[in-house]
Amino acid sequence: MDWTVPGGLAAGLLIATVTAPVGVSGAVFLLPVQLSVFGVPNPAVTPTNLLFNVVAGPGALWRYRHDGALRGGLARRLVLGTLPGVVVGAAIRVFALPGPDLFRLLIALLLLPLGLWLCLGTLAPARHRPPHANELPPRTLTGLAMVVGVVGGIYGIGGGSLLGPILVGRGLPVALVAPAALAATFATSLVGAAAYTLLSLVSTGDVAPDWWLGLACGTGGLIGGYLGARLQPRLPERALRLLLGTLAAAVGALYAGQTLN
C-alpha cells in the first residue's frame with residue numbers, strides 16, 4: 001500500500017498525458033504494469049482498469065468539451081454500440097477467459113495489426129490514404145462499436161483504444177475521433193465496472209477491482225488526461241496519427257512477446 005498508491009498515481013499521470021491526445025484512455029498500457037509490477041490477479045485486473053477509466057475520464061472529456069470538440073453524433077453512436085457490448089464482454093471475461101495467456105494473445109492479435117496498418121497508412125503517399133468520405137454508415141458504426149465493446153469488456157479498456165485506430169485508419173481526423181472514443185470509453189467503463197462488481201457476488205476468484213490501485217491510477221489519469229487533451233490542438237494531424245498507430249502496435253508487440261515467453 002505504501003508504494004502502490006504513489007506508484008499508481010505516477011503511472012496513471014504519465015500514461016494518460018501521452019495517450020489522451022489520440023483518444024486512448026491509457027488503460028491498455030496499465031495492464032502490463034498492473035500484472036507485472038503491482039501483481040493484480042486475473043481477472044481482477046480488468047475491472048481495475050475500468051475503474052481507472054471511470055476516475056480518469058472526466059479530465060480529458062472536460063477539456064474537450066470546453067474546446068467544443070465533443071459536438072456531433074459520433075460520440076453518441078459509439079456509446080450506444082459499446083454499452084451493451086461491454087456487459088457481454090464482462091461475462092465472457094469472468095466465466096470463459098479467466099487466465100492471462102488467452103487474455104494477452106487476444107490483445108496482441110487485435111492491436112498489433114491495427115497499429116501497423118495505421119502507421120503504414122499515415123506514412124504512405126497522400127493519394128493512397130483513405131479519404132474522409134470513408135466514414136462508416138451509422139448502423140455499421142454502431143455494430144462495430146458493439147463488437148469493440150465486447151472486446152473492451154473482456155480486457156478492461158472500454159473499447160476506445162480499438163475504435164480510435166479503426167476510425168482514424170478509415171480516414172477520420174484524430175481531432176474528431178479522440179473525444180468521441182474517450183466518451184465511449186468513459187460510458188462503457190461505468191457500466192463495465194458495475195457489471196464486474198455484480199459478477200463478483202456470484203462467482204469465485206478475484207473478480208472485484210483493486211480499489212486502492214484503481215483510484216490511485218485514476219487520479220493520476222484525471223490530471224494527465226486533462227493535460228493531454230489540452231496539448232492535442234497544438235500537435236499536427238500526421239503526428240497524432242503516428243502516435244496512435246505506434247501506441248497500438250507497441251501494446252500488441254508487448255503482449256505478443258509475453259505470450260511467446
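Residue numbers count from 1 along this sequence. The figures here come from the full heavy-atom set of this structure, side chains too, leaving out hydrogens, waters and symmetry mates. Keep in mind that what you see is a predicted model, and the values were worked out from it rather than measured.
- In the hydrophobic clustering of this structure, Leu235 groups with Val22; members are Ile, Leu, Val, Met, Phe, Trp, Tyr whose side-chain heavy atoms approach within less than 4.5 Å, directly or through other members.
- Hydrophobic clustering (ILVMFWY, side-chain heavy atoms < 4.5 Å, transitive): Val87 and Val147 are in distinct clusters.
- Leu242 is listed as a side-chain neighbour of Leu123, based on a closest heavy-atom distance under 4.5 Å.
- No side-chain heavy atom of Val5 sits under 4.5 Å from any side-chain heavy atom of Leu213.
- For Ser25 and Asn53, the side-chain atoms include at least one donor-acceptor pair closer than 3.5 Å.
- Residues Pro179 and Leu61 form no side-chain contact, since every pair of their non-hydrogen atoms from C-beta on lies 4.5 Å or further apart.
- Ring centroids of Phe38 and Trp212 are separated by 6.0 Å or more, keeping the two rings apart.
- Scanning both residues, Val174 and Glu237, for their nearest heavy atoms gives N-OE2, 3.0 Å.
- Residues Met146 and Leu167 are members of separate hydrophobic clusters, defined by side-chain heavy-atom contacts under 4.5 angstrom among Ile, Leu, Val, Met, Phe, Trp and Tyr.
- Using bins of under 30°, 30° to 60° and over 60° for the plane-to-plane angle, the ring pair Tyr226/Trp62 lands in the tilted bin.
- The minimum heavy-atom distance linking Gly218 with Val55 is given by the pair C-CG1, 3.4 Å.
- No donor-acceptor pair under 3.5 Å is formed between the side chain of Gln232 and the backbone N or O of Ala20.
- Contact record, Leu78 with Ala184: CB-CB, 3.8 Å, taken as the closest heavy-atom pair.
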Next on the checklist: Evaluate Ile15 against Thr19 for side-chain contact (heavy atoms from CB on, under 4.5 Å), listing each step before the verdict.
Outcome noted: CA-CA 6 Å; Ile15 291 172; Thr19 59; 4.2 Å; yes
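- Between Trp211 and Leu51, the closest heavy-atom pair is CE3-CD2, 3.6 Å.
- Shown here for Pro165 and Ala248, the closest heavy-atom pair between the two residues is CG-CB, 4.3 Å.
- Atom CG of residue Leu190 and atom CG of residue Leu50 lie 9.5 Å apart, to the nearest 0.5 angstrom.
- Taking hydrophobic clusters as Ile, Leu, Val, Met, Phe, Trp and Tyr residues chained together by side-chain heavy-atom distances below 4.5 Å, Leu141 shares a cluster with Val150.
- Residues Leu30 and Leu215 do not share a hydrophobic cluster, defined by chaining ILVMFWY side chains whose heavy atoms lie under 4.5 Å apart.
- Here the CZ atom belonging to Arg238 is positioned 13.5 Å from the CG atom belonging to Leu243, to the nearest 0.5 angstrom.
- At distances below 3.5 Å, at least one donor-acceptor pair connects side-chain atoms of Arg241 with backbone N or O atoms of Val168.
- For the pair Ala16 and Gly225, the tightest heavy-atom approach, listed with the atom from each and the gap, is CB-N, 3.6 Å.
- Using modelled atom types, no side-chain atom of Thr17 and backbone atom of Gly228 make a donor-acceptor pair closer than 3.5 Å.
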Next on the checklist: If you apply the rule side-chain contact (heavy atoms from CB on, under 4.5 Å), what do you find for Leu118 with Leu114, and how did you get there?
Outcome noted: CA-CA 6 Å; Leu118 184 54; Leu114 272 176; over 6 Å; no
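- Leu222 is listed as a side-chain neighbour of Pro58, based on a closest heavy-atom distance under 4.5 Å.
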